Amino acid sequence: FPSHDILHAVHGTYFKFLIGLLDSKNSIIEQLKTSKRQLKEEKNLIQTSRHKYQKLFEAIPDSVVLLDAKTTLPVEFNSMAHLTLGYTAEEFKNIRVSDYEAIESSEETAKHIEEIMRNGAARFETVHKTKYGEKIDVLVYVVFVEIDAKQYMMAIFQDITQRKEREKESDQIQALAHMGTIVTGK
């Protein structure tokens with residue numbers, strides 16, 4: 001073989017090898033672009049879903065709080081939760097249930113939480129105190145949930161202060177009417 005034929009054969013094989021590498025690289029680049037596009041679409045879906053969830057969460061007219069079952073610190077909450085109690089969102093993040101529970105002691109609250117975890121849910125009335133010391137009557141719906149092996153309580157606090165005031169007024173009117181009946185004998 002003449003030397004240029006050997007060089008041509010070696011270079012030809014080498015060039016075919018390089019072209020194969022380039023084709024392989026281009027194929028990998030296309031796969032990466034496709035994967036990147038799919039990840040971007042998934043990210044957009046997640047963001048859209050999160051945005052919908054947040055809008056729905058905020059639209060609820062009552063206080064909604066996802067609490068860490070062990071610490072009773074809020075993990076997630078809507079604006080109504082902190083505004084009703086007079087706190088900023090930043091302040092509310094660091095406030096345990098026992099800090100705004102006005103009837104139960106910390107120990108009683110802990111026992112109540114254990115009961116909720118055992119039973120899975122509860123509905124009860126209590127009183128919360130605001131940052132400024134005002135008392136608010138609340139109806140509490142709470143359910144125990146486990147998410148990714150972590151324990152939480154989802155609580156909805158409904159302000160029933162006005163309803164309680166109306167009930168008290170109605171009771172007073174009935175008591176006065178009853179007294180009037182006794183006095184007049186009618």
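Count residues from 1 along the sequence. Predicted model, so just to flag it, every value in this text is computed and none were measured.
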Decide yes or no for [X] and [Y]: does some side-chain heavy atom of the first lie under 4.5 Å from some side-chain heavy atom of the second?
| X | Y | result |
| --- | --- | --- |
| Asp148 | Lys150 | no |
| Phe157 | Leu85 | no |
| Met80 | Pro61 | no |
| Thr84 | Ile136 | yes |
| Asp137 | Glu125 | no |

Would you give the length of the straight line joining atom [atom1] of [X] to atom [atom2] of [Y], rounded to the nearest 0.5 angstrom?
| X | Y | atom1 | atom2 | value |
| --- | --- | --- | --- | --- |
| Ser98 | Glu104 | OG | CD | 10.0 Å |
| Lys36 | Ile29 | NZ | CD1 | 12.0 Å |
| Glu167 | Glu169 | CD | CD | 11.0 Å |
| Gln47 | Lys40 | CD | NZ | 10.5 Å |
| Asn94 | Thr71 | CG | OG1 | 10.5 Å |
| Met153 | Ile113 | CE | CD1 | 4.0 Å |

Between Thr126 and Glu101, is any side-chain donor less than 3.5 angstrom from a side-chain acceptor?
->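 A donor-acceptor contact under 3.5 Å links the two side chains.
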Backbone of [Y] reached by a side-chain donor or acceptor of [X] within 3.5 Å:
| X | Y | answer |
| --- | --- | --- |
| Asp159 | Thr161 | yes |
| Gln151 | Phe144 | no |
| Thr48 | Asn44 | yes |
| Thr34 | Glu30 | yes |

Contact summary for [X] and [Y], nearest pair of heavy atoms:
| X | Y | value |
| --- | --- | --- |
| Glu108 | Ile103 | OE1-O, 4.0 Å |
| Ala89 | His82 | N-ND1, 3.5 Å |
| Glu58 | Asn78 | OE2-CA, 3.4 Å |

Charged N to carboxylate O below 4.0 Å: is that the case for Glu165 and Lys168?
->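 Salt bridge absent between Glu165 and Lys168.
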Salt-bridge test for Glu115 and Lys111: reply yes if a basic N is under 4.0 Å from a carboxylate O, no otherwise.
->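 A salt bridge is absent here (no side-chain N lies under 4.0 Å from a carboxylate O).
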hydrophobic_cluster_shared for [Y] and [X], side chain cutoff 4.5 Å:
| X | Y | answer |
| --- | --- | --- |
| Ile95 | Phe77 | yes |
| Val142 | Leu73 | no |
| Val65 | Phe124 | yes |

Give the ring-plane orientation class for Tyr100 versus His128, where under 30° counts as parallel, over 60° as perpendicular and anything between as tilted.
-> perpendicular
For Ser35, which residues count as a side chain to side chain donor-acceptor pair (under 3.5 Å) partner, sequence neighbours excluded?
->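 Expected list: none.
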Would you find more than 12 non-hydrogen atoms of other residues, nucleotides or ligands less than 6.0 Å from Gln162 atom CD?
-> no
With clusters built from Ile, Leu, Val, Met, Phe, Trp and Tyr whose side-chain heavy atoms come within less than 4.5 Å, directly or transitively, what are the remaining members of the cluster of Phe57, listed by chain and number?
-> Tyr53, Ile60, Val64, Leu66, Val75, Leu139, Tyr141, Val143, Val145, Ile147, Tyr152, Met154, Ile156, Ile160
